[in-house]
S.K.: 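Below: one structure in structure tokens.
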Amino acid sequence: MTMKYVDEFRDPALITAVAQEIARTVDPARHYRIMEVCGGHTHAIYRHGLHDVLPGNVELVHGPGCPVCVLPTGRVDDGLAIAAQPNVVLACFGDMMRVPGTKGTPLELKARGADIRMVYSPLDALKMAQDNPRTHVCFFAIGFETTAPSTALTLLRARELGVRNFSVFSNHVTIVPAMRAILDSPDMRLDGFVGPGHVSSIIGCRPFEFVAQHYGKPVVVAGFEPLDLLEGILMVLRQLRDGESKVENQYRRIVPWEGNHAALRALATVFELRPYFEWRGLGFISQSALKLKSDFAPWDSEVQFEVPGVRVTDPRAAQCGEILKGVLKPPQCKLFGKECNPEHPVGALMVSSEGACAAYYRYASTELRVEEEARA
Amino acid sequence: MCLAIPGQVVEFHADQPALVKVDVAGVRRNVNVGLLEDGELVLGDWVLIHVGFALSKVSEADAHEQLRMLRAMGEDELAIEEVRGYSFADDGERR
């Protein structure tokens, strides 16, 4: 067993022990496909070279849990259309700045004169509105349940303070309907899931029970350290060995089974489910995204501004959708590493460090080339 | 996006109970604690921070381990840059 980054671990002996336990647990005659749902997990898996310690018949499939990766081009265009309005500042997270829309990325439009600014917190955008009362500040909100409560508290604060030159363009999405869509997809064969750590700290473990009960697949919510991830994978494999399917919590030190009540209250006060929302690669998924309730219409960018709402198909050659569903691996896309690279991303999976393509490009492509050369 | 940064609570504000000052690798900024239950924190506690909000409490040992992992993953500078970038409680003297 070789492992590139073994020196970095708190307890390399423990890593080795878990890896050996995994090797003892798997049936050598069987192939396992386990999806890590969260983009943070994908990044950690590549960064630590965890593929190297897993048996060859345990395949990790990268899931849809990367907020910018699943945002369809049409929504990027909608945000940029708001930024093009007079006297408007569009505030977005750094991850968003390089996501391509039809007419360019937010960063490129900023260079052409649009007032687009990077913020680290939705509260920064609200502060910007308070400091510039004659300008409207629109916050381009993205993220799963980890991030949505922060937007909700920011909106509650805006209402409390009576700040009227501030609005939120909500692109918040929820992970459970996306998992259901993947489970229902005919070209998807999965044996189990490593559940998202920080999302679960908000929603708890209960929302994943349908995966175990109705689809008969194990779900283990796991943390982000190498040992957490390996333990999570081991727990999934043990369930498969024993013919079980249940939800388990490897990340108990952060994830309460029932979730975070304060955060869930804030979400329920501010947001409601959209009837449907488009996900890049996965298509339209019903009740999978959050919009502002009508009480918050004065702060809802989609009420305050006219957004084009045009659906934009992805560049035909790019295979982001297949990669997002785990049907293809990043290097199997025709554009990977050629037209599409971290400097000039064609698809969003190459933008965010949590995107499978960016993670693969950065940490695994050299290794792959070596393997391919050896095979040739 | 789901980066969570460990920071230690170093100061409360009697006039702004929703904010606490945290220290992340020597950088001190205010974060919002509205996602935690009232009275959950005491001085010296560690929290995981995400986009300017404390997501949850974390043990000191886990916080140190997480900081070490961020360094190992080359992401500590990004994390510190993020915390340094929080400007919502900036009243001129970074209270």
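Chain letters run A, B, ... following the sequence lines, proteins first and then strands; every chain starts at 1. These figures come from a predicted structure and were not determined experimentally.
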S.K.: Identify which part of A:Ala266 has an atom lying under 4.5 Å from any heavy atom of chain B, answering side chain, backbone, both or neither.
M.R.: neither
S.K.: Report which part of A:Leu156 has an atom under 4.5 Å of a heavy atom belonging to chain B: side chain, backbone, both, or neither.
M.R.: neither
S.K.: Between A:Asp124 and chain B, with a heavy-atom cut-off of 4.5 Å, which part of the residue counts as in contact: side chain, backbone, both or neither?
M.R.: both
S.K.: Under a 4.5 Å cutoff for heavy-atom pairs, which residue among A:Ser150, A:Ala44, A:Pro256, A:Pro122 has the most contacts with chain B?
M.R.: A:Ser150
S.K.: Quick one: of A:Gln130, A:Arg265, A:His43, who has the most non-hydrogen atom pairs under 4.5 Å with chain B?
M.R.: A:His43
S.K.: Please name the residue in the list B:Gln8, B:Arg28, B:Arg29 that meets the side-chain hydrogen bond (donor to acceptor under 3.5 Å, both in side chains) test with B:Asp23.
M.R.: B:Arg28
S.K.: Side chain, backbone, both or neither: which part of B:Glu81 has an atom under 4.5 Å from a heavy atom of chain A?
M.R.: both
S.K.: Using a 3.5 Å distance criterion without hydrogens, assess whether the side chain of A:Asp228 forms a donor-acceptor pair with backbone atoms of A:Ala222.
M.R.: no
S.K.: Return yes if some donor-acceptor pair links the side-chain N/O of A:Ser352 with the main-chain N/O of A:Glu354 below 3.5 Å, else return no.
M.R.: yes
S.K.: For A:Trp299, does its backbone N or O pair with a side-chain atom of A:Ser167 as donor and acceptor, under 3.5 Å?
M.R.: no
S.K.: What orientation do A:His198 and A:Tyr251 show, parallel under 30°, tilted 30 to 60°, or perpendicular over 60°?
M.R.: tilted
